[in-house]
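Report on the structure given below.
Residues: numbered from 1 along the sequence shown. Just follow the structure's listing: the first ligand is 1, and inside any ligand the first atom is 1.
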Amino acid sequence: MGRGVAYSTSEPAHLLNVRAEGMSAWAGEPDHFVKRFELESGDRRGFAQRRLFGRYLGEILDEAVASGRTERIDETATAATRIDDGWRLQLGDDSAIEASALVLAVGNQEPEVLSAFSVVGPRFIRNPWGADARAAVAELAAGGGAALLVGTGLTMVDLVLSLDAAGHQGKILALSRRGLVPRSHADFEPAPIEMAELPSGLRNLFRWLRRRSGEVGWRAAVDSLRPYSHPLWQGLGHDGQRRFLRHARPWWDVHRHRIAPEVAGTVARLVGEGRLEIVAGRIVGAREADDGLEVTFRRRRGAPASQSLTFSYAFNCTGPLHSIARTKDPLLRSLLDSGEVTPDHLGIGLEIGGTCRPGEHLWAMGPLTKGRYWEIIAVPDIREQAAAVAEDIEREIGA
Ligand SMILES: Cc1cc2nc3c(=O)[nH]c(=O)nc-3n(C[C@H](O)[C@H](O)[C@H](O)COP(=O)(O)OP(=O)(O)OC[C@H]3O[C@@H](n4cnc5c(N)ncnc54)[C@H](O)[C@@H]3O)c2cc1C
């Protein structure tokens with residue numbers, strides 16, 4: 001508890017993708033995490049292991065429990081119904097709890113179902129963050145079979161690191177429509193700007209970004225937008241946001257959500273050794289074969305244009321679920337089905353009003369609020385949101 005998908009990994013090769021100095025859990029105490037990291041590593045600007053950050057979050061939760069003001073219940077919330085001035089939450093063990101305020105902080109949802117793999121069996125790993133994925137990595141390392149990673153973003157990078165750390169020597173093929181891979185962090189001279197210097201509209205913003213990248217470097221240009229990411233997103237309007245998701249998102253993601261240089265080094269080494277191939281293309285079909293999973297795909301460029309290869313395992317690395325209406329989380333399902341919450345205008349999170357409120361005495365945080373804020377998935381953004389939500393709850397129902 002407290003660690004979520006991101007920080008419950010036990011793999012030392014999984015590093016944070018934000019420098020330690022940016023990862024304090026507390027909005028008002030920027031050095032809270034980095035002080036500890038510096039003690040252990042002598043470094044302030046490095047990228048800590050995610051499991052170390054998980055321990056840090058676990059300790060904060062332990063302190064909250066020890067204070068007597070927080071109780072932890074290790075159960076799945078399966079449904080929520082409204083009662084007078086609050087909520088009754090049904091739990092997986094058939095017990096229930098009542099609360100005046102309910103905060104939905106359920107994080108990222110399992111990836112989208114991939115139609116090409118809908119009829120294949122357990123050699124296709126639907127959830128790359130679960131126990132099946134860990135078992136498949138161990139089997140691949142022991143047997144040396146080939147692995148297909150569908151998706152070339154941060155989840156792909158995690159899987160590649162896990163396979164490499166486990167001693168896997170077989171071939172890894174990672175495929176996505178554009179074959180774009182997260183770029184590496186590197187030191188750069190910041191080039192801050194004022195919001196007033198930015199043009200309006202998606203096309204103009206991207207033109208500005210290209211020009212500014214030429215002047216100050218793309219990392220400085222991209223990061224100069226960070227303080228304004230929420231108003232910029234909201235300023236795009238619904239049509240602009242839809243166009244961003246359709247056309248610009250893959251480019252934005254790989255430049256904005258960068259990986260630690262040592263992680264980028266491992267990816268480059270594996271590509272150089274011919275053990276990892278990144279392909280731009282699309283999956284045409286998949287079927288069970290005697291010796292594994294036979295997958296046919298078409299390359300966007302290069303030869304052969306169409307190819308069928310057999311893999312011991314394929315992993316869904318397409319990233320968190322995009323369409324919230326398809327969530328399998330029982331709590332979210334119950335709230336969506338009863339109409340207590342509704343998908344936002346883009347269908348990627350929940351419709352919220354005020355300070356992250358999808359309903360009365362109901363708050364939502366993190367990825368569930370992507371439609372309103374877009375850049376609200378990483379700790380530096382979520383901690384500010386957590387502080388604002390806490391204040392709002394106090395205002396609404398008292399301390
Ligand atoms: C692999 C990965 C790596 C990442 N690395 C970074 C990073 O380096 N730096 C960074 O800033 N961000 C990173 N992120 C972004 C990450 O999403 C956030 O940092 C943060 O973990 C999100 O916090 P959260 O509390 O919203 O969700 P989560 O951390 O996912 O927590 C959600 C919790 O809710 C629980 N839950 C869900 N449904 C129910 C239910 N029905 N009943 C009971 N409990 C439920 C889950 O079990 C989980 O414990 C990463 C994300 C991923 C997936």
Item to complete: Give a yes or no on whether a salt bridge exists between E11 and R50, defined as a side-chain N under 4.0 angstrom from a carboxylate O.
Response: no
Item to complete: State the atoms of ligand 1, each with its element, that fall below the 4.0 Å cut-off from a heavy-atom position in A77.
Response: 40 (C), 41 (N), 42 (N), 43 (C)
Worksheet entry | Ligand-side contact atoms (ligand 1) for residue partner P380, heavy atom cut-off under 4.0 Å | 11 (O)
Fill in: atom 35 (C) of ligand 1 touched by protein (heavy atom, under 4.0 Å)
no
Fill in: Aromatic ring proximity F244/W233, centre distance under 6.0 Å
yes
Worksheet item: Quick check, are the ring centers of W87 and H361 under 6.0 angstrom apart?
Response: no
Worksheet item: Which of the numbered atoms in ligand 1 are below 4.0 angstrom from a heavy atom of D158?
Response: 1 (C)
Worksheet item: Any salt bridge between E288 and R123, counting N to O under 4.0 Å?
Response: no
Worksheet item: Is any NZ, NE, NH1 or NH2 atom of the basic residue among R269 and D164 found under 4.0 Å from an Asp or Glu carboxylate oxygen of the other?
Response: yes
Worksheet item: From atom 46 (C) of ligand 1, is the closest protein heavy-atom distance below 4.0 Å?
Response: no
Worksheet item: What class does the angle between the rings of H345 and H238 fall in, given that below 30° is parallel, 30 to 60° is tilted and above 60° is perpendicular?
Response: parallel
Worksheet item: Which of the atoms in ligand 1, numbered in the order shown and given with their element, are less than 4.0 Å from a heavy-atom of I377?
Response: 15 (C), 16 (C), 17 (O), 18 (C), 19 (O)
Discussion item. Looking at E215 and R212, is there a salt bridge between them, counting it only when a charged N and a carboxylate O are closer than 4.0 Å?
Written reply: yes
Discussion item. What I want to find out is whether E59 reaches R36 closely enough, with some N-O distance under 4.0 Å, to be called a salt bridge.
Written reply: yes
Response to the item:
The closest protein heavy-atom partner of atom 48 (C) of ligand 1 is G4 CA, 4.0 Å
Fill in: Pick from N17, L368, D74: the one approaching atom 7 (C) of ligand 1 most closely through a non-hydrogen atom
N17
Worksheet item: Short list, please: which atoms of ligand 1 are under 4.0 Å from a heavy atom of L331?
Response: 41 (N)
Item to complete: Give a yes/no verdict on whether any heavy atom in M1 is under 4.0 Å from an atom of ligand 1.
Response: no
Worksheet item: Under 4.0 Å between a Lys/Arg side-chain N and an Asp/Glu carboxylate O for R299 and E277?
Response: yes
Worksheet, complete the sentence: Checking heavy atoms under 4.0 Å, the part of T155 that sits near ligand 1 is neither
Worksheet item: Is the closest protein non-hydrogen atom to atom 38 (N) of ligand 1 under 4.0 Å?
Response: yes
Discussion item. Under 4.0 Å, heavy-atom basis, I'd like to know which part of R50 is in contact with ligand 1: side chain, backbone, both or neither.
Written reply: side chain
Practice prompt. Would you check whether Y7 reaches within less than 4.0 Å of ligand 1, judged by its heavy atoms?
Written response: yes
Response to the item:
of all protein heavy atoms, closest to atom 11 (O) of ligand 1 is V379 N, 2.8 Å
Worksheet, complete the sentence: atom 30 (O) of ligand 1 sits nearest the protein heavy atom G107 CA, 3.7 Å
Worksheet item: Please state which protein non-hydrogen atom is closest to atom 22 (C) of ligand 1 and give its distance, to 0.1 Å?
Response: I382 CD1, 3.6 Å
Practice prompt. With heavy atoms of D329 as the reference, note each atom of ligand 1 found under 4.0 Å away.
Written response: 37 (C), 38 (N), 39 (C), 40 (C), 41 (N)
Item to complete: Taking only Lys NZ, Arg NE, NH1 and NH2, and the carboxylate oxygens of Asp or Glu, determine whether R45 and E21 approach each other closer than 4.0 Å.
Response: yes
Worksheet item: In terms of side-chain geometry, is the basic nitrogen of R19 or D187 positioned less than 4.0 Å from the acidic oxygen of its partner?
Response: yes
Worksheet, complete the sentence: Note: heavy atom closest to atom 4 (C) of ligand 1, options A6, A48, G54, belongs to A6
Worksheet item: Would the number of heavy atoms belonging to other residues, nucleotides or ligands and lying under 6.0 Å from CZ of R203 be above 12?
Response: no
Response to the item:
At under 4.0 Å between heavy atoms, what of H14 touches ligand 1? The answer is neither
Discussion item. Which of the numbered atoms in ligand 1 are under 4.0 angstrom from any heavy atom belonging to E75?
Written reply: 43 (C)
Worksheet item: Is the shortest side-chain N to carboxylate O distance from D31 to R44 below 4.0 Å?
Response: yes
Practice prompt. Give the numbers and elements of all ligand 1 atoms closer than 4.0 Å to a heavy atom of A105.
Written response: 32 (C), 33 (C), 34 (O)
Worksheet item: Is ligand 1 less than 4.0 angstrom away from at least one heavy atom of P367?
Response: yes
Worksheet, complete the sentence: Under 4.0 Å between heavy atoms, the region of L16 that gets near ligand 1 turns out to be both
Discussion item. Closer than 4.0 angstrom, basic N to acidic O: yes or no for E375 and R226?
Written reply: no
